[in-house]
Visitor: 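Handing you a structure now.
We count ligands from 1, going down the list as the structure has it; atoms in each ligand are counted the same way.
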Amino acid sequence: MFCYQCQETAMGTGCTLKGVCGKTAEVANLQDLLLFVVRGIAVYNEHLRKQGEPSQEADKYIYDALFATITNANFDQADITEKIKNGLKLKKELSRKVELTNAPDECTWDGSEEEFEEKSLTVGVLRTPNEDIRSLKELVHYGLKGMAAYVEHAHNLGYESPEIFAFMQHALAELTREDITLDELIALTLETGKHGVSGMAQLDAANTTSYGNPEISEVNIGVGTNPGILISGHDLKDIEELLQQTEGTGVDVYTHSEMLPAHYYPQLKKYKHLVGNYGNAWWKQKEEFESFNGPILFTSNCIVPPRSNATYKDRIYITGACGLEGAIYIPERKDGKPKDFSALIAHAKQCQPPVSIETGTLVGGFAHAQVIALADKVVEAVKTGAIRKFFVMAGCDGRMKSRDYYTEFAEKLPNDTVILTAGCAKYRYNKLQLGDINGIPRVLDAGQCNDSYSLAVIALKLKEVFGLDDINQLPIVYNIAWYEQKAVIVLLALLYLGVKNIHLGPTLPGFLSPNVAKVLVENFGIGTISTADEDIMRFLS
Ligand code: FS2
Ligand code: SF4
């Protein structure tokens with residue numbers, strides 16, 4: 001295996017024996033083969049689209065399979081194998097409708113399950129010998145994976161965009177080309193960012209149309225006395241259906257990690273048995289799930305495979321693109337009917353209520369509509385100097401000790417600064433008592449990682465209000481923490497929107513070759529982090 005798609009990759013260069021995330025070599029190799037099949041299907045569907053008859057089955061297959069290869073989403077060898085088999089079958093069907101000349105191996109290869117392993121060893125990251133071409137090809141792949149996750153959540157709410165499908169498949173088809181040049185790949189990377197903005201805008205429209213605009217909300221971090229179900233991941237349709245089905249059953253629902261922002265949506269927070277948020281960012285789940293006592297539902301990443309002696313092992317349920325051996329899978333919606341969570345609810349009733357690990361409340365819900373509603377107050381605070389600077393600290397959290405930097409950075413920021421956050425990165429500082437500036441909290445949480453889109457909308461609005469020509473003239477510093485591929489699409493989207501001088505940490509991606517890193521530094525001013533003290537001094541000067 002060779003995988004270097006996330007920030008925790010071994011030695012910062014690549015996992016080669018087993019993933020630091022817990023992914024086995026077998027699963028990593030099969031995921032490489034799955035991506036290979038996905039690229040082949042994309043080539044065919046791009047042709048079919050030109051012929052005016054794109055396959056919707058292929059559209060869905062592609063984003064679902066990409067999502068399954070994202071970090072911490074799917075660890076299940078049998079499930080990935082099944083997806084490959086389904087993909088090969090679909091590819092064959094599509095190939096009957098298209099005449100291709102010079103078809104890439106991705107299109108022509110077919111094989112039985114016995115041949116999967118051998119083939120997988122030839123189609124991974126290292127198939128591309130030139131390290132700069134490899135670096136950019138992977139960067140685009142990772143951006144597409146992040147986009148695919150957002151496309152799937154939007155699809156679950158009834159939102160789809162033929163333009164986004166067309167782009168994703170065009171990009172995947174381009175990635176099969178052995179003769180693609182560096183310049184072509186750089187252009188493709190920026191185009192990926194452009195469609196990343198559309199993908200996030202689409203999900204924002206899907207979420208806010210379905211559930212209302214996020215509003216300032218107080219979220220309990222303690223527990224109640226009923227048994228509970230803990231729901232993790234990003235899918236709002238899943239939590240809505242779970243809330244509907246648990247209503248009146250005596251079972252409470254708690255959010256975990258990236259599901260926290262569900263509490264900010266009027267049409268979700270209205271459920272009285274949505275009791276609170278339990279625990280912290282994804283990587284603390286091995287400890288925190290022990291004391292939750294009830295079933296846990298993963299609707300997307302980040303899953304950490306449980307230890308063999310974990311007491312919660314038989315309480316894990318998964319759905320969507322997730323995969324984990326031993327977990328109970330909740331099947332997809334069919335014929336317009338909701339998912340069936342009755343097994344989880346029955347299971348919860350047999351469990352003890354959660355044990356409290358924290359008490360108190362969190363405040364969030366500062367997505368674009370809410371912040372724009374407060375615009376006068378915010379602008380006034382900037383004009384009077386009450387707010388000196390905003391710090392966008394969106395992105396992900398992770399296990400590495402070096403991420404303590406973000407807590408220290410937030411703690412040491414002067415009192416006339418405001419943090420704009422989104423994603424699970426917030427858990428590094430959202431429980432600090434950082435106070436407020438004239439009633440504006442010093443940590444404004446917009447929501448999930450995809451709600452970084454809100455932060456961009458807010459920045460564009462402020463640019464307009466202050467009459468500036470360039471988004472980079474705003475008093476905003478970007479200090480982004482990345483971990484997996486959704487942060488990659490957020491980064492590419494920000495670059496596309498013209499944001500410069502983004503600081504990326506805790507380390508730069510291992511998949512950036514020195515030359516590609518140089519291009520990012522020279523053209524976009526991408527920077528790294530140092531110590532909290534040094535950076536605060538540097539960013540405020
Ligand atoms: Fe955090 Fe994991 Fe949101 Fe990422 S819970 S690192 O999926 O996309 O963020
Ligand atoms: Fe390693 Fe990250 Fe890949 Fe897991 S996802 S195998 S930790 S690089």
Visitor: Does K60 NZ have over 12 foreign heavy atoms under 6.0 Å away?
Guide: yes

Visitor: Would the F2 and Y4 ring centres measure less than 6.0 Å apart?
Guide: yes

Visitor: Give a yes or no on whether the ring-centroid distance for W282 and Y483 is below 6.0 angstrom.
Guide: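 Yes, ring centres under 6.0 Å apart.
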
Visitor: Using a strict cut-off of 4.0 Å, indicate which atoms of ligand 2 neighbour a heavy atom of C21.
Guide: 4 (Fe), 5 (S), 6 (S), 7 (S)

Visitor: Are the ring centres of Y317 and F341 closer than 6.0 Å?
Guide: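 Y317 vs F341: aromatic centres not under 6.0 Å.
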
Visitor: At a threshold of 2.8 Å, where the distance has to be below it, does atom 3 (Fe) of ligand 2 have an N, O or S atom of C3 nearby?
Guide: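 Yes - counting backbone and side chain alike, C3 has an N, O or S atom under 2.8 Å.
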
Visitor: Measure the distance from atom 2 (Fe) of ligand 1 to every protein heavy atom, then report the residue, atom name and distance (to 0.1 Å) of the closest one.
Guide: C302 SG, 2.3 Å

Visitor: Within less than 2.8 Å of atom 1 (Fe) of ligand 1, any N, O or S from C424?
Guide: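 Given the 2.8 Å cut-off, C424 counts as a ligand of atom 1 (Fe) of ligand 1.
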
Visitor: Check whether N156 reaches the backbone of K237 with its side chain - one donor and one acceptor, N or O, closer than 3.5 Å.
Guide: no

Visitor: Please report which non-hydrogen protein atom sits nearest to atom 7 (O) of ligand 1, along with the residue it belongs to and the distance in Å to one decimal place.
Guide: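 Looking at atom 7 (O) of ligand 1, the protein heavy atom closest to it is N301 ND2, 3.1 Å.
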
Visitor: Only N/O/S atoms count here: what is the atom of H234 closest to atom 3 (Fe) of ligand 1 called?
Guide: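 Going by distance to atom 3 (Fe) of ligand 1, the closest N, O or S atom in H234 is NE2.
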
Visitor: Considering only the protein, which heavy-atom contact is closest to atom 8 (O) of ligand 1, and what is its distance?
Guide: E484 OE2, 2.8 Å

Visitor: Hey, is atom 3 (Fe) of ligand 1 within less than 2.8 Å of some N/O/S atom on E258?
Guide: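 Yes, within the cut-off.
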
Visitor: Does Q448 have a heavy atom less than 4.0 Å from any atom of ligand 1?
Guide: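 It does not, in that no heavy atom of Q448 comes within the 4.0 Å cut-off of ligand 1.
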
Visitor: Taking the six-membered ring for Trp, are the ring centroids of F391 and Y478 within less than 6.0 Å of each other?
Guide: no

